[in-house]
S.K.: 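This is the structure I want to talk about, given as C-alpha cells.
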There are 2 protein chains.
Amino acid sequence: MKDASCTPATCAPPAKREPLPLGDEEQELADLAKAIAHPARVRILKVLSERNACVCGDIVLEIPLAQSTVSQHLKQLRDAGLIQGEIDGPRVCYCIDPAKLKRLKVLIAGL
Amino acid sequence: MKDASCTPATCAPPAKREPLPLGDEEQELADLAKAIAHPARVRILKVLSERNACVCGDIVLEIPLAQSTVSQHLKQLRDAGLIQGEIDGPRVCYCIDPAKLKRLKVLIAGL
DNA sequence: GTCTTTCATCGTAATAAAACGATGCGCTGT
DNA sequence: ACAGCGCATCGTTTTATTACGATGAAAGAC
C-alpha cells in the first residue's frame, strides 16, 4: 500500500513573501488542540458526551487521577471554552459547549 | 442565543465501575492533538496542504522562527506520523500523510 | 579534494504542564 | 451554629515544551 510519497517533482514553488506572524486562526486551533492534548481531558469530553448531559462531579470517578488534578483539567477545558460548568447547590454540573466543539471540528476538518 | 445550559435535571446517572486506566484511543487522540497544539505546527500543516505537495525546506521561510526551532516542530509532526520527509539530495521534502490526518479527523469528529 | 548549502541534532535556558496533598470556600443538612 | 460534602485553588515538585545559537553530517558544486 503506497501512500503519499512526496517526490521533489510534486514540490510546489517556494514562498515570496515574509513569514506572517502566526495568525489568529492558527492560534485558535492550536489552543483548542492543546485543550484536548491529554488523555484525561479526552476522557472527560467522552464522558460528558456519552451521558448526553452534564454529569456533575463524578467525572472524577471516571478518571484515575486525584480530585484536584481532575479539577485542573476541567479548568483547562473550561478556559478553552469546550465545556461549561453550572453551579447546582453543593455540586457543579459540566457539559459540553456544542458550539465550541463544532468550531474545533470545523477547524480540524479544514486541514 | 441560548446554548446548552446544563441543568442538574439533564444530568445522567453516575458511574458504577472503576476508573478505567485511560485507554489507547484516548491516548492516540491526545497525542495527535498535541502534535497540532502549537501555531507553528498548524502553519506547517497548512503550508504543506496549500502547496498540495511537499515544499521542502522553505517551510522555514514561512515561519517566523529560527531554523532549528522549525526543524524541531517538523520532528514532532513526523513523530506523530502526520507528515513524512523524503530526502532529495541536499534537501528534504515534507508532505502530509493523508491517512494519519484522516485518522485525526475521524477521532475528532467522533467527539 | 574543498567549499557551500541544507537540514538535523546538541546543549542550554526559560517557561509551561502535570500531578499531588493540603487548604479554603460555599452549600446543605442537622 | 456547626459539621460534612463537593469542588476549586494554593503551594510544591517533577517533567516536558519552546526557543535559540552552535555544531555536525550528507550531498552537490567547484
S.K.: From the options C:dT9, C:dA18, C:dC20, select the nucleotide whose nearest atom is closest to the side chain of A:S68.
M.R.: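 Nearest to the side chain of A:S68 among the choices is C:dC20.
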S.K.: Rounded to whole Å, how long is the line connecting atom CG of A:D31 with atom P of C:dA16?
M.R.: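 Atom-to-atom, A:D31 to C:dA16, this comes out as 13 Å.
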S.K.: Testing A:V70, A:L77, A:I83 one by one against A:R41 for a side-chain contact (heavy atoms from CB on, under 4.5 Å), which residue passes?
M.R.: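 The option that passes is A:L77.
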S.K.: If only side-chain N and O atoms of B:H73 are considered, is one of them under 4.0 Å from the OP1 or OP2 phosphate oxygen of D:dT17?
M.R.: no
S.K.: Does any donor-acceptor pair link the side chain of A:Q72 with the base of D:dA8 at a separation under 3.5 Å?
M.R.: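 In this structure, the two groups form no donor-acceptor pair.
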S.K.: Considering just the side-chain nitrogens and oxygens of B:T69, establish if one lies under 4.0 Å of OP1 or OP2 belonging to D:dC20.
M.R.: yes
S.K.: Between D:dA8 atom P and A:L77 atom CG, what is the distance in whole Å?
M.R.: 12 Å
S.K.: When you check the phosphate oxygens OP1 and OP2 of C:dA16, does a side-chain N or O of A:K34 lie under 4.0 Å from one of them?
M.R.: no
S.K.: Ignoring the backbone of A:L65, work out which of D:dA22, C:dA19, D:dA19 is nearest its side chain.
M.R.: C:dA19
S.K.: In whole angstrom, what separates B:H38's NE2 from D:dT17's P?
M.R.: 12 Å
S.K.: Out of D:dA8, C:dA8, C:dA19, which has the shortest distance to the side chain of A:V92?
M.R.: D:dA8
S.K.: A:E86 CD to C:dC27 C1': how many Å, rounded?
M.R.: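 Interatomic distance, CD of A:E86 to C1' of C:dC27: 16 Å.
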S.K.: Are the side chains of A:I108 and B:I36 in touch, meaning some heavy atoms are under 4.5 Å apart?
M.R.: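 Yes; the side chains approach each other to less than 4.5 Å.
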S.K.: Answer yes or no: is there a side-chain heavy-atom contact under 4.5 Å between A:V60 and A:L65?
M.R.: no
S.K.: Considering only D:dG28, C:dG21, D:dG21, which nucleotide approaches the side chain of B:P90 most closely?
M.R.: D:dG28
S.K.: Reckon A:R91 has a side-chain N or O less than 4.0 Å from the OP1 or OP2 of C:dT28?
M.R.: no
S.K.: At less than 3.5 Å, do the side-chain atoms of B:Q67 and the base atoms of C:dA8 form a donor-acceptor pair?
M.R.: yes
S.K.: Starting from C1' on D:dA8, measure out to CD on A:Q84 and report it in whole angstrom.
M.R.: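 Rounding to the nearest Å, CD of A:Q84 and C1' of D:dA8 are 18 Å apart.
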S.K.: Rounded to whole angstrom units, what separation is found between the CD1 atom of B:I44 and the P atom of D:dT18?
M.R.: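 To the nearest whole Å, that distance equals 11 Å.
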S.K.: Just how far, in rounded Å, is P of D:dT17 from CZ of B:R41?
M.R.: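 It is 9 Å, rounded to the nearest whole Å.
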S.K.: Looking only at side-chain atoms of B:K75, point me to the closest of C:dT9, C:dG21, D:dC20.
M.R.: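 Ranking C:dT9, C:dG21, D:dC20 by closest atom to the B:K75 side chain puts C:dT9 first.
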S.K.: In whole Å, I'd like the distance from the CD1 atom of B:I87 to the P atom of D:dA25.
M.R.: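 Result: 15 Å.
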S.K.: Give a yes-or-no answer on whether the side chains of B:R78 and B:Q84 include a donor-acceptor pair shorter than 3.5 Å.
M.R.: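 No donor-acceptor contact under 3.5 Å links the two side chains.
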S.K.: Taking salt bridge (charged side-chain N to carboxylate O under 4.0 Å, His left out) as the cut-off, I'd like each qualifying pair that reaches into residues 64-77 of chain B, sequence neighbours left out, listed once.
M.R.: B:K75-B:D79
